[in-house]
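What follows is a set of notes on a single structure, which appears directly below.
FYI, the numbering just counts along the sequence from 1.
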Amino acid sequence: MSGIEIYNNKDMIDRLYIIAALILLTLLSGCSAEYDPLSPPDVPVLNDGRVEMSLNVVAPLPSLPKSRTVTNDETIAGYSVWVFNNGKFVEEIRDTDTCTGKDGTAKPMVRITEDGTMYILLKEEYRKVRLMMIANATVTHPADGETWSVVENRLASTVNFRYDGGTSDMTDIPFFGTNDKEFAVALGADGGVIQLIRAMARIDVNASYTDGHFVMEDIAVYHANADGTVHRQKNGAIAARDANNVVKGSVNQDGPDENGFYHGTVFIPEIGGIANNKSGTNTFVIVKGRFKSYTSNNEATRYYRWDFIKREETTAGVKYSVLDEIERNHRYIFTIEYITPTAGYATLNEALTGSPDNMIDLNQTRLAIINQKEIMSITTDNYIYLGVTSDKLNAKQGEASNNLYWAQFYALTNNPDGWSIDYLPEGVSVTRSEWRGNVEEAASVIVWLDSTYKPGDTVSLYVFSGRIRKVITITIPQTP
């Protein structure tokens with residue numbers, strides 16, 4: 001019986017906005033080459049009335065298994081920031097824009113440091129500011145005076161990019177994000193946090209359990225959507241766009257990679273309405289590979305079709321259903337547990353018109369779905385997944401009079417035995433040291449550091465589930 005394990009929490013980021021600044025672990029590019037991104041800001045006030053503001057930029061981290069495709073799902077290669085004042089668009093600031101400082105030299109208008117801090121020069125006259133950020137996509141900026149809601153609706157309904165894995169020259173996944181609060185421009189003011197979301201879904205095929213009896217050669221998603229929007233409104237419907245596309249992916253043909261997987265990856269824009277009335281999906285994965293007999297050295301080229309079929313194990317038995325959408329910023333991981341000699345088809349056309357190889361009641365593959373907005377660092381040993389909000393956190397000051405610091409993270413696993421925190425350091429306490437509740441549910445952990453810890457100190461927590469260990473390093477930032 002094939003099935004799905006789901007890793008998809010409720011809207012955790014909305015509940016975490018006050019600590020989102022603690023999870024800054026993405027490498028971002030786009031700063032001016034001659035301007036050291038690690039140096040402190042040296043242009044706080046300019047002649048034209050601009051002052052330098054700071055925000056934090058949070059992007060989902062790459063997670064296992066690691067992609068070897070030409071399309072990159074973690075790099076920010078170029079971006080623009082749209083500035084709204086009093087709810088209306090006033091200007092676009094691109095990562096390549098510069099202005100003249102008091103010393104007469106060109107200074108970047110916006111830059112992002114390696115720790116995820118954005119420094120941006122804004123006019124001091126702006127009193128009620130919100131920001132939109134678009135990365136790795138070229139989108140025409142709004143007209144002056146257009147309202148926030150009009151722009152947001154247009155971004156969610158207008159095709160902004162196209163990707164088919166072949167003729168498209170796109171090499172980086174588009175991102176979109178907005179800051180989490182309105183602010184007035186002033187020297188030293190806090191602009192909040194920009195939470196970036198990938199505008200595409202990622203599909204992985206993992207063949208580590210085939211014991212050398214199967215080698216992938218090609219992977220593609222058929223009847224896929226190739227037209228993407230950089231944004232979708234919260235709780236907005238996923239459009240059932242033109243699905244007569246074949247989006248090709250890439251395959252590691254040389255054998256297991258550093259994570260022990262034979263691995264293929266495809267990126268596609270999200271799509272809805274994929275369920276059909278035949279216990280399968282209109283959108284599906286086709287993998288071409290060489291199957292080696294279990295009784296001889298004979299090999300044959302076979303084509304396999306896997307639909308997006310969900311399996312849930314309940315007290316009443318195994319329940320099957322079919323996914324109706326493939327959602328942006330989610331990862332769909334097919335794990336091939338066993339290749340039967342009779343599985344697959346001899347030709348591509350037979351696979352396209354035939355029944356799925358993971359149809360209900362056939363035990364061949366499993367599918368895990370992970371929402372990468374919520375759990376950003378994931379480790380797997382093929383069957384068990386353990387994810388945490390981030391591997392590195394910055395602590396915040398709690399009760400100043402007692403010199404206490406705190407940090408928060410979420411953890412989830414598909415392991416029925418849950419997870420636990422071991423080796424709790426002295427002076428560290430947690431609100432939850434283990435989880436034995438529902439699988440696939442994100443549990444909150446607040447970590448308190450007592451007065452023995454000072455600015456600049458670090459402490460490590462060890463989260464275990466089965467054979468998997470995640471190390472979370474918490475740092476108390478230096479006092480400004």
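Note on Arg432 versus Glu434: no salt bridge recorded, every NZ/NE/NH1/NH2 to OD/OE distance being 4.0 Å or above.
Aromatic ring pairs are classed by plane angle as parallel below 30°, tilted from 30° to 60° and perpendicular above 60°; the pair Tyr294 and His213 is tilted.
Residue Ala275 comes nearest to Val322 through the heavy atom pair CB-CG1, 4.0 Å, listed as atom of the first residue, atom of the second, then distance. Between Thr342 and Arg302, the shortest heavy-atom distance links the atoms O-NH2, 4.1 Å. Smallest separation of non-hydrogen atoms from Gly192 and Asp180: CA-OD1, 3.4 Å. Scanning both residues, Pro174 and Ala137, for their nearest heavy atoms gives CB-CB, 4.0 Å. Taking every heavy atom of both residues into account, Tyr405 and Ala395 meet most closely at CB-CB, 4.0 Å. Between Arg162 and Asp227, the shortest heavy-atom distance links the atoms NH1-OD1, 2.7 Å.
With a 4.5 Å cut-off on side-chain heavy atoms, Glu325 and Ile271 do not count as touching. When side chains are defined from C-beta on, Val151 counts as touching Met132, because their heavy atoms get closer than 4.5 Å. Contact annotation: the side chain of Phe291 never approaches that of Thr301 to less than 4.5 Å [non-hydrogen atoms, C-beta and beyond]. Looking at Ile472 and Val388, their side chains come closer than 4.5 Å, going by heavy atoms from C-beta outward. Using a 4.5 Å heavy-atom threshold, the side chains of Tyr453 and Val428 count as touching. By the 4.5 Å heavy-atom criterion applied to side chains, Trp306 and Pro356 are not counted as neighbours. Between Ile286 and Leu348 the shortest side-chain heavy-atom distance falls below 4.5 Å. The shortest distance between side-chain heavy atoms of Asn56 and Thr117 falls below 4.5 Å.
Side-chain atoms of Asp307 do not come within 3.5 Å of backbone N or O of Phe284 as any donor-acceptor pair. Judged purely by atom type and a 3.5 angstrom limit, Thr431 has no side-chain atom pairing as donor or acceptor with the backbone of Val445. For the pair Asn160 (side chain) and Val230 (backbone), a donor-acceptor distance under 3.5 Å is present. Between the side chain of Asp357 and the backbone N or O of Arg305 there is at least one donor-acceptor pair closer than 3.5 Å. The backbone N or O of Asp204 lies less than 3.5 Å from no partner atom in the side chain of Arg331, so there is not a single donor-acceptor pair.
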Item to check | Stepwise side chain to side chain contact (heavy atoms under 4.5 Å, CB included) test for Leu449 and Val447 | outcome: CA-CA 7 Å; Leu449 310 180; Val447 183; 4.1 Å; yes
Item to check | Residue pair Thr281, Thr283: steps toward the side chain to side chain donor-acceptor pair (under 3.5 Å) verdict | outcome: CA-CA 5 Å; Thr281 53; Thr283 300; over 6 Å; no
Next on the checklist: Phe161 vs Thr229, test: side chain to side chain contact (heavy atoms under 4.5 Å, CB included). Steps then yes/no.
Outcome noted: CA-CA 7 Å; Phe161 65 91; Thr229 63; 5.8 Å; no
Item to check | Glu299 and Arg290: CA distance, side-chain angles, deciding distance, salt bridge (Lys or Arg N to Asp or Glu O under 4.0 Å) verdict | outcome: CA-CA 6 Å; Glu299 286 189 352; Arg290 298 193 311 274; 3.4 Å; yes
Next on the checklist: side chain to side chain donor-acceptor pair (under 3.5 Å) for Thr347 and Asn349? Distances and angles first, verdict last.
Outcome noted: CA-CA 5 Å; Thr347 67; Asn349 187 61; 5.5 Å; no
Next on the checklist: For a side chain to side chain contact (heavy atoms under 4.5 Å, CB included) check, start with the C-alpha distance between His231 and Phe175, then their side-chain angles and the critical distance, and finish with the verdict.
Outcome noted: CA-CA 8 Å; His231 177 50; Phe175 286 81; over 6 Å; no
Item to check | Step-by-step side chain to side chain contact (heavy atoms under 4.5 Å, CB included) determination, Tyr345 to Tyr304 | outcome: CA-CA 6 Å; Tyr345 297 87; Tyr304 302 87; over 6 Å; no
Next on the checklist: Ser465 vs Asn415, test: side chain to side chain donor-acceptor pair (under 3.5 Å). Steps then yes/no.
Outcome noted: CA-CA 7 Å; Ser465 183; Asn415 185 354; 3.1 Å; yes
Checklist entry - When you look at Asp95 and Arg111, which way does the salt bridge (Lys or Arg N to Asp or Glu O under 4.0 Å) test go after all the steps? => result CA-CA 6 Å; Asp95 63 316; Arg111 59 194 178 94; over 6 Å; no
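Every residue was checked against the salt bridge (charged side-chain N to carboxylate O under 4.0 Å, His left out) condition with Glu350, not counting sequence neighbours, and none meets it. When the salt bridge (charged side-chain N to carboxylate O under 4.0 Å, His left out) test is applied to Arg154, the partners found at least two apart in sequence or on another chain are Glu146.
Here Arg94 contributes atom CZ and Ser80 contributes atom OG; the two are 8.5 Å apart, rounded to the nearest 0.5 Å. Put simply, NZ on Lys470 and CH2 on Trp419 are 13.5 Å apart, with the number rounded to the nearest 0.5 Å. Note that the CD atom of Gln195 and the OG1 atom of Thr178 stand 9.0 Å from one another [nearest 0.5 Å]. Here the CD1 atom belonging to Ile219 is positioned 6.5 Å from the OG1 atom belonging to Thr265, to the nearest 0.5 angstrom. Between the CE atom in Met200 and the CD1 atom in Ile173 there is a gap of 4.5 Å [rounded to 0.5 Å]. Tyr163 contributes atom OH, which lies 12.5 Å from atom CG of Asn245 (distance to the nearest 0.5 angstrom).
In this structure, Arg469 fails the cation-pi test against Tyr462, since its NZ or CZ atom is not both closer than 6.0 Å to the six-membered ring centre and inside 45 degrees of the ring normal.
Less than 6.0 angstrom separates the ring centroid of Phe308 from the ring centroid of Phe334.
In this structure, a donor-acceptor pair under 3.5 Å is absent between the side chains of Thr475 and Asn394.
When each of Ile238, Asn225, Ile274 is paired with Ile326, the side chain to side chain contact (heavy atoms under 4.5 Å, CB included) condition holds for Ile274 and for no other.
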